[in-house]
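Shown next, in structure tokens, is the structure this report addresses.
Residue numbers run from 1 in the order of the sequence given.
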Amino acid sequence: MRSRYTAYVRRNYEHLERTLSREQRKDFNPADAQRWAESSEWLGLTIAHTTGGGPQDNEGTVTFTAHFRTDGKDHEHVEIGRFVREDGQWAYDGQVETHGVPVRRATPKIGRNDPCPCGSGKKYKKCCGAAA
């Protein structure tokens, strides 16, 4: 998790993509990652808890908080991230809900410039996506 956070700070988008699981890589959008990384001032990462992830494990979780500032406002992204071992390397495999079921996107990803699904008529990035 620390290497992925550092990749956002250093704007190393290749590392972000390389450290995604095969499943998560299908939805990776380098332009979106770049926009988020470059529009934010990264303030720190706090690791609260880990499970698994040892030498004999094939999966694990990391509970973390990423602190960042966007448009002069401080934000915290709190997540339980799931990691899996693929081809001997650890890969980020998405968020885990508190009851342990991975969150998987069931519908197509909403682009920042797409109409907001809430029906406001605004672009997603100016509406519900503004807080993300």
_Assess the residue pair T63 and I47 against the criterion (side-chain contact (heavy atoms from CB on, under 4.5 Å)); give the C-alpha distance rounded to whole Å, side-chain angles, the decisive distance to 0.1 Å, and a yes or no._
CA-CA 6 Å; T63 304; I47 304 292; over 6 Å; no

[Y] side chain reached by [X] side chain, heavy atoms, under 4.5 Å:
| X | Y | value |
| --- | --- | --- |
| D74 | H67 | no |
| F64 | T46 | no |
| T61 | T50 | no |

Using modelled atom types only, decide if a donor and an acceptor are shared between the side chain of [X] and the backbone of [Y] within a distance under 3.5 Å.
| X | Y | value |
| --- | --- | --- |
| R25 | L20 | yes |
| S39 | W36 | yes |
| Y5 | G44 | yes |
| R85 | D57 | yes |

Taking only Lys NZ, Arg NE, NH1 and NH2, and the carboxylate oxygens of Asp or Glu, determine whether [X] and [Y] approach each other closer than 4.0 Å.
| X | Y | value |
| --- | --- | --- |
| D93 | R22 | no |
| E38 | R35 | no |
| R82 | E59 | yes |

*Compute the ring centroids of F83 and W90, then answer whether they are less than 6.0 Å apart.*
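When the ring centroids of F83 and W90 are compared, they turn out to be at least 6.0 Å apart.
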
*Taking atom CG of D71 as the centre, does the number of heavy atoms from other residues, nucleotides or ligands within less than 6.0 Å exceed 12?*
no

*asked:* Students often mix this up, so state it plainly: with edges at 30° and 60°, are the rings of W42 and Y8 parallel, tilted or perpendicular?
replied: tilted

*Consider only side-chain heavy atoms of I, L, V, M, F, W and Y, link residues closer than 4.5 Å, and tell whether Y92 and V62 are in one cluster.*
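Yes, one cluster joins them.
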
*Run the side-chain contact (heavy atoms from CB on, under 4.5 Å) check on S21 and E86 step by step: do they pass?*
CA-CA 7 Å; S21 68; E86 290 182 348; 3.5 Å; yes

*Can you tell me how far the CG atom of N29 sits from the CD atom of Q34, to the nearest 0.5 Å?*
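Going from the CG atom of N29 to the CD atom of Q34 covers 10.0 Å.
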
*Might you point out which heavy atoms bring A7 and H15 nearest each other, and give the distance in Å?*
CB-CD2, 3.7 Å

*Which pair of heavy atoms, one from R4 and one from L16, lies closest together, and at what distance?*
NH1-O, 2.8 Å

*asked:* Quick one about H77 and T65 (side-chain donor to acceptor, distance below 3.5 Å, no hydrogens or angles considered), yes or no?
replied: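 Judged by distance alone, the side chains do not pair up.
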
